[in-house]
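Here it is: the structure, laid out below.
Quick note: residue numbers are just sequence positions, from 1.
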Amino acid sequence: KRLVETVSAVAMLAAAATILPRLSQGAAFAFNGMAGDSPLINGFRLGLLGVGLLTLVLVRRMGEKGGLWHAEFYALLLFSLGGMSLMVVSRDLMVAFISLETFSLAMYVMAGFNKAWHGNREAAIKYFLLGAFAAACFLMGLALIFGTVGSVNLERISATLAEASL
């Protein structure tokens with residue numbers, strides 16, 4: 001049980017170690033401008049990893065009391081942190097949507113994870129339904145933006161709206 005927790009902490013620390021050298025570098029873009037990298041973005045990513053490590057500490061205390069010693073929880077935590085990190089670097093609305101769904105699906109499962117609390121299943125279902133409706137609204141807005149601007153890239157949307165006289 002402690003091995004999974006240790007591997008999760010080492011994975012987060014390794015991710016932080018890869019981010020730290022890039023704090024002093026300038027902006028960089030990847031995947032045809034759909035993802036970006038800058039010191040501010042890397043600072044946010046380090047903050048997310050710090051919150052993830054804090055979550056590991058809190059879950060360890062709750063695990064001793066409430067029975068949360070499951071390897072799946074740590075995998076879901078890492079999965080959600082990966083989605084949040086992808087959300088931070090996204091420069092495209094489709095990438096933002098994919099990352100939002102990636103981390104929210106893990107959060108839906110984690111909302112209903114504690115079997116000791118009786119309201120968890122209801123909370124997880126309500127959270128899932130709310131997320132499904134929010135995702136539908138997000139996609140509808142994305143379709144309207146694409147129909148108006150012709151792109152889902154945030155820079156192109158900004159440039160098009162700056163040129164338009166609204």
Side-chain angles (χ1 to χ4, degrees), residues 1-63 66-115 120-121 123-139 141-142 145 152-155 157:
K1 295 176 181 179
R2 303 274 187 217
L3 177 67
V4 175
E5 183 179 275
T6 305
V7 168
S8 298
V10 167
M12 287 186 216
L13 291 173
T18 62
I19 294 171
L20 281 173
R22 294 192 312 227
L23 282 175
S24 61
Q25 296 177 355
F29 306 105
F31 303 111
N32 199 20
M34 291 192 295
D37 192 22
S38 71
L40 180 65
I41 288 171
N42 289 325
F44 275 111
R45 291 172 65 197
L46 284 175
L48 286 172
L49 290 170
V51 169
L53 287 170
L54 179 65
T55 303
L56 283 180
V57 171
L58 295 174
V59 165
R60 183 176 190 179
R61 289 187 181 172
M62 286 185 64
L68 281 179
W69 287 116
H70 298 289
E72 295 87 5
F73 185 84
Y74 299 102
L76 289 168
L77 178 65
L78 292 174
F79 197 64
S80 66
L81 283 172
M84 289 178 204
S85 182
L86 183 62
M87 173 70 95
V88 171
V89 301
S90 68
R91 299 173 51 86
D92 191 271
L93 290 177
M94 281 305 293
V95 175
F97 176 73
I98 291 168
S99 62
L100 177 72
E101 289 302 308
T102 300
F103 80 81
S104 62
L105 283 174
M107 293 290 186
Y108 300 151
V109 177
M110 285 195 287
F113 202 77
N114 190 357
K115 294 179 183 174
N120 65 342
R121 291 185 183 116
I125 290 172
K126 287 181 179 179
Y127 186 31
F128 175 73
L129 291 175
L130 179 68
F133 288 120
C137 291
F138 187 95
L139 281 177
L142 191 112
I145 289 172
V152 290
N153 185 291
L154 292 174
E155 284 187 10
I157 292 170

* **Atom pair CG/OG of L78 and S85 - distance to nearest 0.5 Å** => 12.0 Å
* Asked: With a cut-off of 6.0 Å (strictly less than), are more than 12 heavy atoms of other residues, nucleotides or ligands near CZ of F79?
  -> no
* Say you draw a straight line from CG of L100 to CG of L93; how long is it, rounded to the nearest 0.5 Å? -> 11.5 Å
* Backbone of V4 reached by a side-chain donor or acceptor of S8 within 3.5 Å -> yes
* Give the intermediate values and the outcome of side-chain contact (heavy atoms from CB on, under 4.5 Å) for residues T55 and L81. => CA-CA 11 Å; T55 303; L81 283 172; over 6 Å; no
* **Any donor-acceptor pair under 3.5 Å from S90 side chain to M87 backbone** => yes
* **Interatomic distance, R121 atom CZ to I125 atom CD1 [nearest 0.5 angstrom]** => 9.0 Å
* **Heavy-atom side-chain contact between V59 and Y74 under 4.5 Å** => yes
* Structure fact -> Taking every heavy atom of M110 against every heavy atom of L77, the minimum-distance pair comes out as SD-N, 4.1 Å
* Under 30°, 30 to 60°, or over 60°: which ring-plane class applies to F128 and Y108, parallel, tilted or perpendicular? -> perpendicular
* Beyond-backbone contact of V152 with I145, side-chain heavy atoms, under 4.5 angstrom -> no
* Reported OG-to-OH distance for the pair S104 and Y127, which is rounded to 0.5 angstrom -> 6.5 Å
* CA sep, side-chain torsions, deciding dist, call: R45, D37, side-chain contact (heavy atoms from CB on, under 4.5 Å) -> CA-CA 10 Å; R45 291 172 65 197; D37 192 22; 4.2 Å; yes
* Asked: Is there a side-chain contact (heavy atoms from CB on, under 4.5 Å) between L53 and L49 once you walk through the steps?
  -> CA-CA 6 Å; L53 287 170; L49 290 170; 5.6 Å; no
* To do: Start with the C-alpha distance between M84 and V51, add both sets of side-chain angles, then the distance that settles side-chain contact (heavy atoms from CB on, under 4.5 Å), and finish with yes or no.
  => CA-CA 11 Å; M84 289 178 204; V51 169; over 6 Å; no
* To do: For atom CZ of F97, decide whether the heavy atoms of other residues, nucleotides or ligands shown that lie under 6.0 angstrom number more than 12.
  => yes
* State the CD1-CG distance between I41 and L46, to the nearest 0.5 angstrom. => 12.5 Å
* For A96 and S99, which heavy atoms make the closest approach, and how far apart are they? -> O-OG, 2.9 Å
